[in-house]
Amino acid sequence: MADDNIKNAQIKITFPDGSSKEYPAGITPLEVAESIGPRLASDALAARIDGRMIDLNAPLNENTELAILTFDLDEGKKIYWHSTSHIMAEAVKKLFPNIKVAIGPAIDEGFYYDFDKETPFTPEDLEKIESEMQKIIEADLPFCREEMSKDDALKYFGEQDENYKLELIEEIEDEAISLYTQGNFTDFCRGPHIPSTGKIKAFKLTSIAGAYWRGDEKNAMLQRIYGVSFPKKAMLDDFLERMEEAKKRDHRKLGPQLELFAIDNEVGAGLVLWLPKGAIMRNIIEDFWKEAHKLFGYELVYSPHIARLELWETSGHTQFYTENMYQPMDIDEMKYQIKPMNCPFHMAIYTSRMRSYRELPIRWAELGTVYRYERSGVLHGLMRVRGFTQDDAHIFCTPDQLLDEIKGVIDITLYLLHAFGFHEYDVYLSTRPEKFVGTLEGWEMATKALRQALEDKKMSFKIDPGEGVFYGPKIDIKIKDALGRSWQCTTIQVDFNLPERFDLKYMGKDGEMHQPITIHRALLGSLERFFGVLIEHYAGNFPVWLAPVQAIILPITENQYDYAKDLYKRLKGEGIRVELDDRSEKVDYKIRDAETNKIPYMLIVGKREEEANNISIRKHLVGEQGTQTLEEWVKKVKEEIEKKGG
RNA sequence: GCUGGAGUAGCUCAGUCGGUAGAGCACAUCCUUGGUAAGGAUGAGGUCACGGGUUCAAUUCCCGUCUCCAGCUCCA
């Protein structure tokens, strides 16, 4: 009878758009969705009430805010993928009954499930698993939630020898835990899940990889299967197409193809050779970078590639950074170390003489090449290498100047990134880790300054708690590449450690010695990584100001060679990076070649152009642009270069 | 470093159940002088990643190493 009372009661449900409506208590989110429309009801995957996610069949007994989660929402996607991982686990358990299951979460694009299996999965296994999954999906099995006491759950999974589940359950503090069952598979899971397996309309298992239990290399290696799923076949097709497109943009493919860089086994893994065309681009990037730094009040410095080991002991690198440092070498009975960082040199420049508060802030920048040992498995094209050039700088300032200096760094960062066509990135503020140097007040002050600077610059950011470096809090700006991976380029770090270790001082207005604050920052990060990101960002179709070859002259027949050579000389004289294709080939062929080489402008000259003393312009990926005189075109393209367009 | 996969011409890839290899593109020479994404002929080009082992014989089978790829872990 008590139930009836609840059922007769009315509750108020508020929707995301702010509207609200009365419903009988005990109604489920699915029923609410049905009352709104059949389309929503069929798209509904789960629900969110007051910030908590629940199943569609969970009764609502109190006034609440309610959002119906569909695949269009990130939360909906995650639930959808997570449910697919359960389906995959069921299929795997059916095919390989002795396997043990570990965890199977949703990730940014899809899901995975880790299994403990003696022998790794094969591609054939994946096909079998896929068809088993298809059966489960076609059976449209409901996902059923069940609550159990912790003890019962331990007993339940203990009987099945699911030791990974036991380990997870043991760590749960709640007394009751939830289990989800679909078909013959029951998993310990917080949920929620989609109503039934039939909601999965298209899926694909994408790859197999080893992964350590709980991501710790001391633990057992598990077999991980990655997959992705969608409510429409077309969405899966789009996804696969996007992966293909990403592959085409891969800088490791485009780099050698466009003759930008090479990595040669004989030279060594993770060591980059900049080919002439890549080197031209690097020069342009460096020149622009130097100009920008002068503009923003930096001075440029240089420092050596090696230094006595004592310097690295002073800086603390031998203590905190040995794993990434190469072996020191013996010179004149002293140890010298190839540099993994530039910082100590800039400290040494600071201490090269007495400093006054009048000099601060000091901003010293250097394109400093460093060498770091990276484990072989982490090397990745230009993105992760063993020798690279950081666009490094150190700012020495007083506490009063800190906020303005950080804002200044953000300004120059955005100035640079915008010029290179980057307008989207994720910003993180990393706070104090467990192990740290310096005082709590110092950390507090610096973190506040970093936060304040971001807020003043109206940049949205996320907090990365405890992810700061031991020597100070930092701001990281990450650029996303074509494969969806985030690459950290910009890092702005406050450093309490080095000023202390190098005993940096300045004479204050008060006649006393004070210690300056140091900001360590790299904006592009490293030229290598940034170049890799740049290649993928533009898919090799660089804007004119960056393109290694800006234009190519394509004479139609030999009769125009003299005219073409004259044009070539004049363009060279104008500082345009131009080539002349005087091979005895048809224009079609030369055009195709120029297009595949992604040269921004093709200047086609035949009999007509020579007679009219003009050129026919074709733009890469766009097509014919009509004719212009050389002067007109040069003026236009110079403007384009000037404003870094294209 | 770990797990799995891979390494054949500059590139993309065939192939050899053990008898030292082939195509297309690119390259060179010649023919062709063609108007907006591939004209034709001929030619050159390979220690089949490297080092061992088995064998009359290894690019092929076995072991090891290196590198690359997908991840894990760690970072600019």
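Letters A, B, ... are given to chains in the order of the sequence lines, protein chains preceding strands, and every chain is numbered from 1.
- Counting only N and O atoms by type, the side chains of A:R282 and A:T389 include a donor and acceptor under 3.5 Å apart.
- Using a 4.0 Å cut-off, some side-chain N or O of A:Q488 falls inside it from OP1 or OP2 of B:A76.
- Using a 4.0 Å heavy-atom distance criterion, A:G210 is classed as a base contact.
- A 4.5 Å side-chain heavy-atom check between A:W81 and A:F230 finds at least one atom pair inside the cut-off.
- When the C1' atom is compared between B:G7 and B:U60, the two are found 14 Å apart, to the nearest whole Å.
- Interface remark: the A:R372 side chain does not form any donor-acceptor pair with the B:C74 base, using a distance-only criterion of under 3.5 Å.
- Nearest nucleotide to the A:K586 side chain, out of B:G39, B:A37, B:U33: B:G39.
- Side chain A:S526 to base B:A76: a donor-acceptor pair is found below 3.5 Å.
- Of the nucleotides present, B:G64 is the one that pairs with B:C50 by Watson-Crick or G-U wobble criteria, both distances under 3.5 Å.
- In this structure, A:H520 contributes its side chain and A:C343 its backbone to no donor-acceptor pair below 3.5 Å.
- The phosphate of B:A26 has OP1 or OP2 within less than 4.0 Å of a side-chain N or O from A:Y589.
- Base engagement by A:K607 is indicated by at least one non-hydrogen atom pair under 4.0 Å involving a base atom.
- Judged by distance alone with a 3.5 Å cut-off, a donor-acceptor contact links the side chain of A:S616 to the base of B:U36.
- Remark: A:S376 is in phosphate contact with B:G1, judged by side-chain N or O atoms under 4.0 Å from OP1 or OP2.
- Pair assignment for B:C56 gives B:G19, based on Watson-Crick or G-U wobble hydrogen-bonding distances that are each under 3.5 Å.
- Applying the 4.0 Å criterion to OP1 and OP2 of B:A70, one finds that A:R252 has a side-chain N or O inside that range.
- At a cut-off of 3.5 angstrom, the base of B:C74 holds at least one donor-acceptor pair with the side chain of A:R384.
- Mapping A:G525 and A:E609 onto RNA chain B by nearest heavy atom places A:E609 closer to the 5' end of the strand.
- At a threshold of 4.5 Å between non-hydrogen side-chain atoms, the residues A:T206 and A:M243 do not count as touching.
- For B:U59 and B:U54, the C1' atoms lie 16 Å apart once the distance is rounded to whole Å.
- Residue contacts for A:V378: at a heavy-atom cut-off of 4.0 Å it reaches a base atom on one of the strands shown.
- Pair assignment for B:G4 gives B:C69, based on Watson-Crick or G-U wobble hydrogen-bonding distances that are each under 3.5 Å.
- Nucleotides B:U12 and B:U29, compared at atom P, are 25 Å apart to the nearest Å.
- B:G35 is unpaired under the Watson-Crick or G-U wobble criterion, no partner having all donor-acceptor distances under 3.5 Å.
- Using a 4.0 Å heavy-atom criterion, one finds that A:E528 contacts no nucleic acid atom at all.
- Residue contacts for A:T490: at a heavy-atom cut-off of 4.0 Å it reaches no nucleic acid atom on any strand shown.
- Checked by distance alone, A:Y373 brings no side-chain donor or acceptor within 3.5 Å of a matching partner on the base of B:G1.
- Between the OH atom of A:Y226 and the P atom of B:C69 there is a distance of 16 Å, given to the nearest Å.
- With RNA chain B read from its 5' end, the first of the two nearest nucleotides for A:K253 and A:E374 is the one closest to A:K253.
- Both stacking criteria are satisfied for A:F388 over the base of B:A76: a centre-to-centre distance under 5.5 angstrom and an angle between ring planes under 30 degrees.
- Rounded to a whole angstrom, the distance from the C1' atom of B:G24 to that of B:G15 is 15 Å.
- One N or O donor and one acceptor, one from the side chain of A:S584 and one from the base of B:U32, sit under 3.5 Å apart.
- Comparing B:G46 with B:C50, their P atoms sit 13 Å apart, to the nearest whole Å.
- Atom-to-atom, CG of A:D114 to C1' of B:G4 comes out at 14 Å; the value is rounded to the nearest Å.
- Taking atom OH on A:Y212 and atom P on B:G4, their separation rounds to 11 Å, with Å as the unit.
- For the P atoms, the distance linking B:G18 with B:A58 amounts to 13 Å, nearest Å.
- Looking only at distances, no side-chain donor or acceptor of A:Q560 sits under 3.5 Å from a matching main-chain atom of A:E610.
- Pairing of B:G45, defined by two Watson-Crick or G-U wobble distances under 3.5 Å, is not identified with any nucleotide.
- Across all strands shown, B:A76 forms no Watson-Crick or G-U wobble pair with both key distances under 3.5 Å.
- Counting non-hydrogen atoms under 4.0 angstrom, A:Y112 reaches nothing in the nucleic acid.
- Here A:R583 lies in heavy-atom contact (under 4.0 Å) with sugar-phosphate atoms only.
- Within the nucleic acid shown, A:A522 has no heavy atom closer than 4.0 Å to any nucleic acid atom.
- For the P atoms, the distance linking B:A9 with B:C48 amounts to 10 Å, nearest Å.
- One can place CD1 of A:I208 at 12 Å from P of B:G4, the figure rounded to the nearest angstrom.
- The base-pairing partner of B:A9, taking Watson-Crick or G-U wobble contacts with both distances under 3.5 Å, does not exist among the strands shown.
- Within the model, atoms CZ of A:F542 and CG of A:L260 stand 5.5 Å from one another, a figure rounded to the nearest 0.5 Å.
- Rounding to whole angstrom units, CG of residue A:L258 and C1' of B:G10 are separated by 15 Å.
- A donor N or O paired with an acceptor N or O is not found under 3.5 Å between the base of B:U3 and the side-chain atoms of A:R224.
- Atom pair A:M602:CE and B:G35:P shows a separation of 18 Å (rounding to whole Å applied).
- In this structure, A:H293 and A:R363 have side chains that are not in contact, with every pair of non-hydrogen atoms separated by 4.5 Å or more.
- Within the 4.5 Å cutoff, side-chain heavy atoms of A:K598 are placed close to those of A:L254.
- Rounded to a whole Å, the CZ atom of A:F470 is 16 Å from the C1' atom of B:C74.
- Summarising the geometry, the separation between CG on A:L254 and C1' on B:C11 is reported as 14 Å, rounded to the nearest angstrom.
- Taking atom C1' in both B:C63 and B:C69, one finds a spacing of 23 Å when rounded to whole Å.
- The aromatic rings of A:W274 and A:F531 lie parallel to each other, with less than 30° between the two planes, well short of the 60° mark.
- At least one side-chain nitrogen or oxygen of A:R618 sits closer than 4.0 Å to the OP1 or OP2 atom of B:A37.
- Residue-level contact check: A:V370 touches neither bases nor backbone, having no heavy atom under 4.0 Å from any strand.
- Considering only heavy atoms from C-beta on, A:K128 stays 4.5 Å or farther from A:F121 through its side chain.
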